[in-house]
Structure formats: C-alpha cells, structure tokens
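Below you'll find the structure, written out as structure tokens, and then a few comments.
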2 protein chains.
Amino acid sequence: MTKTSDTAAPERKRGEGVRFVYEILRDDILNLALPPGSPVDEIQLAERLSMSRTPIREALVRLAGEGLVTTLPNRSTVVANIDFLNLHHFFDAMTLMYRVTTRLAAEYRTDGDLAVIRNHQAAFARAVEAQDALAMIATNRDLHAAIAEAGRNPYYVSLFGRLLDEGRRLLRIYYLSFDDRLPRRYVDEHEDIIAAIEARDIAAADRLASQHADQIVAQLQRLIAEDRRRPVTL
Amino acid sequence: MTKTSDTAAPERKRGEGVRFVYEILRDDILNLALPPGSPVDEIQLAERLSMSRTPIREALVRLAGEGLVTTLPNRSTVVANIDFLNLHHFFDAMTLMYRVTTRLAAEYRTDGDLAVIRNHQAAFARAVEAQDALAMIATNRDLHAAIAEAGRNPYYVSLFGRLLDEGRRLLRIYYLSFDDRLPRRYVDEHEDIIAAIEARDIAAADRLASQHADQIVAQLQRLIAEDRRRPVTL
DNA sequence: GCGCAAAATTATGTCGACAAACAAAATGCA
DNA sequence: TGCATTTTGTTTGTCGACATAATTTTGCGC
C-alpha cells in the first residue's frame, strides 16, 4: 500500500527536526500519498514521528510558504488542491521557465554543470528503459532543475522548482496512462537541448526548450482531456 | 531616528500573532530599519512585542522562505544580504516579470482591475508631486503588484512580489540620490502602460513594460555605479 | 604576556501544558 | 417534530521551561 511513509524515525540530531518533517511531508504531498484536500493533523504527525508539535508546525509554515499546504486560521491545515480550472496559468509559467532557464544554461554553464546534467539525463534514460513512470517523473524533474542551476539565476531556480513540483503532482495523477512512445521522444529532445547548452547556442537552446515545453504541456492537456472524470477543485 | 518600529502592541486577537510579527519584521527589513546582515534576536523581539518566542519563530520561518532572512542552523538568524555581485540576475528576472505581468494584464484585466491600478498610479503621482521618495518606492511597488494581479497568474504574482520587495530594499539605499526629473518620467511611462492595458494592446503593453524596466534598471545601475562605496557582500 | 583548555554564558531547538476558537452533540422550548 | 441554544469535545495558537549547541570568558601553564 502506498500509505504515507511510515517512518518510525528515532535518532535525530538537534536542529534537523524541522527539515526532517518538512521533507517527509513534502515527499508525501508530491507523491500524492497525501492527496490534495486531505487534512494534516499536527497531533497525529507528532505521535507518528515521536516529536513535539513545534517543529511540525514550523515545517507546515514552510510548506505553506511554498503553496503545498493551505492553512485556514484557527482551523485545520489541508494539502493544497490542484487548481484544474486555472491550469493554463501553470502551463504558461512552466513554458516560460523552461525557456529562460535553458537559455541561461547555454550562456553560463560550466563543464561541471554539464557533467551533472548528463548524469541526470542518463538516469532519466534508464527510467524510460525500465518503463518506471515514477522514476521518469522524478529524474525529469532533477534534470531540468540541474539545467536551471546551471543558469545561475536563483529567482528562476526557485520558481521553476515550485513549478516542477506542481507538475510532479499533476503527472503523478496520470502516470498510469503513460505509453512508452512519448518518453523516448523526450530522451531525444533532452539530448538536443543538452547539445545546444554544450555548444552555448542560446538561440537553439531557447527554441528547443520551447518545443519541449509545448510537448509536455500538450501531453498533459491530452491526459487531462482524456480523463473521464470531471476534475473539480474540491 | 528611524529605529525599528517601536510598537508596544497590546490587544492582539488569537491567531494573528504570527502575521503581526511577520508584517513588522518584513516592513523593518524592506525599509532597511533592519539593515542587511544584522542579527535578529528572538528573545529581544519576544520582549519588545510582549509575546512568546513561538510565533516569532514561525514568522522567521516564513521570512526565510521568502529569502528575507537567512537562518544558520543552531546559530543566529540574520537579515538577508543584498548580493551586489549578482545583481544582473535580479535585473534579468525583474525585466522579464515586468514584461509578462504587463502583457497578461492587457489580456485579462477587468474594469475593476483597471480602477485599482489607476488608484495606485494616482498615489504614485502624488508621491512624486510631494517629492516623497519613500512613498514613491512604496506606491510604485503597489502599482506594479496590482498590474500583476490583473494578469491573474499566481506564479508570476508571487515571484514579481519577491522581486519588487528586493527592489524596494535596493532603492531604499539610494533614495537620497533621487532627483525629480526621473520620477516624472515614470509617471508618464506608467500612464502609457495603463493605456495599453486598458486598450488590451498586448504588443504595446509588452514593449512599454520592457522599456520601463530598462529605464529602472539603468537608473539603478547608474546609482550603484555613482556610489563611492564599494558594496560588498558581507 | 601568550596560547590553549575548560567552564560559564548566551541563544537556539524542542517539549509539555494551558487557553481560546471552532465544530459537533445534546438539551430545551415552541 | 423542528429549531435555537447550550454544552461537550477536539484542535489550534501561545506560553514558559528545559536541554543542547555555539560562543565567550576564565583559568592555568609555559
């Protein structure tokens, strides 16, 4: 069962409690182990992780800052919903960030950056080979995050990270529908993008990233459209 | 003296403590009442605001999430430094956000949005008339935030808000150098931008916003270049 | 007087507990 | 029986206190 990661979690050092809770919750939220709209009980969490409510609350504040949970004053905090009605804003920002981060990577990348990027691409290719959809989602995220890092702009890195996380949730909903034709195409597209970054060809990087983003957006829209359920913001 | 706002602060309702501290600290940081690099003492704050350390810590976590303070583990939390060495990344993101938010405003604005925007522009014009540099900074921020809101994209609104805040700190350093020629020009440029938004002329909005951003960036760069001090990341 | 080690001090991270606020169940009245 | 009100219960927001890590001060030997 894909229940919320049942970590007993003893032996923690001082000063890492908040990070610990934060990462567990974040992971559970992005994997949809905690589905959107589900309440997050502080006391329950405190018992499960055998710690006080204080670090848990601080982790929740942090998650709220990133938009992963919503806190109703004096009422329960719930996992943030996916706003299916305004997905075009998400797609718009996503496409823009794909473009600018890839552009900047082509401009500022070092050889070290390139090595890191290639590692992530290899991991993505392996995931595709193994037809492991969950791993594809995760490694794809890591690859593009690494490209953004190579672009050196912390503001873009931050926003893009948020968007990639949200995309991870979105993909996670539909990962069953993955066939293996599309992911292979992504591997090739990634290769082209990386080549452009290596060649420091900014124009090509921009164009390829734009096409790649369009591909992904189109696929997501197709998945959503094919879905029989009428997804509604709860 | 422009000391940290000495609010005695009694009579608070339950559930607003965190927001209260958050807004005070945020204001002090953006006004440079708390200069970059200065430590934030939780106990001192707790005494001054006559409240426990818990809500103060949660406010600090939130501020850390927005990059306004930096938390060293098991060590003091300090007001975030201004990274003068990488300002071009800031300018780059700033220019891009000016453009996309103004574009989207021209696309999605309602009449209500327009009224709000005009109000902010009027306030900005008054600040310029009164030669009140601090008010100019604040109202300019509000105006562009309102334009971003009219564009309806929460991701852009969020990032742009962060950038505008950072810009507020930056401008605050140099506000003494303001002459009254430039701000008047900004009033006119704002008028043009608002007209384009009203006419739903996306191309014009994009072009004007781009020029406007270039103006502001150029002015900031000039101020920094003229500054005799060698600003260094402490 | 200088350098290093140990103790004291300060500040952070965490804890358990209390009180206000909200939600739900139970009671009273028409 | 239906509705309003009170009562009960649960959960959040805040508090004061303790323990641990880091920093400063003190003390000792050279």
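Atom CD of Gln44(A) has 12 or fewer heavy atoms from other residues, nucleotides or ligands within 6.0 Å. Counting non-hydrogen atoms of neighbouring residues, nucleotides and ligands closer than 6.0 angstrom, the CZ atom of Arg19(B) reaches no more than 12 such neighbours.
Using a 3.5 Å distance cut-off with no hydrogens or angles, the side chains of Tyr22(B) and Glu66(B) do pair a donor with an acceptor. In the model, Asp92(B) has no side-chain atom that pairs as donor or acceptor with a side-chain atom of Tyr155(A) under 3.5 Å. Looking only at atom types and distance, the side chain of His190(A) has a donor-acceptor partner in the side chain of Asn140(A) under 3.5 Å away.
In terms of the side chain to side chain contact (heavy atoms under 4.5 Å, CB included) criterion, residue partners of Thr95(A) (sequence neighbours excluded) are, by chain and number, Ala213(A), Asp214(A), Val217(A).
Rounded to an integer number of Å, the gap from Leu49(A) CG to dC15(C) P is 10 Å. Per the geometry, CZ belonging to Arg19(B) stands 17 Å off C1' belonging to dT14(D), to the nearest Å. For Ile56(A) and dG16(C), the CD1 to P distance is 11 Å, given to the nearest whole Å. In this entry the distance linking CD of Gln44(B) with C1' of dT10(C) reads 13 Å, nearest Å.
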Could you run down the sub-3.5 Å N/O contacts of the protein with nucleotides 6-13 of chain D?
from    : atom 1 : to       : atom 2 : distance (Å)
dT12(D) : O2     : Arg14(B) : NH2    : 2.0
dG13(D) : OP1    : Asn74(A) : N      : 3.3
dG13(D) : OP2    : Arg57(A) : NH1    : 2.6
dG13(D) : OP2    : Arg57(A) : NH2    : 3.0
dG13(D) : O4'    : Arg14(B) : NH2    : 3.0
dG13(D) : O3'    : Gly15(B) : N      : 3.3
dG13(D) : N7     : Arg53(A) : NH2    : 2.8
dG13(D) : O6     : Arg53(A) : NH1    : 3.1

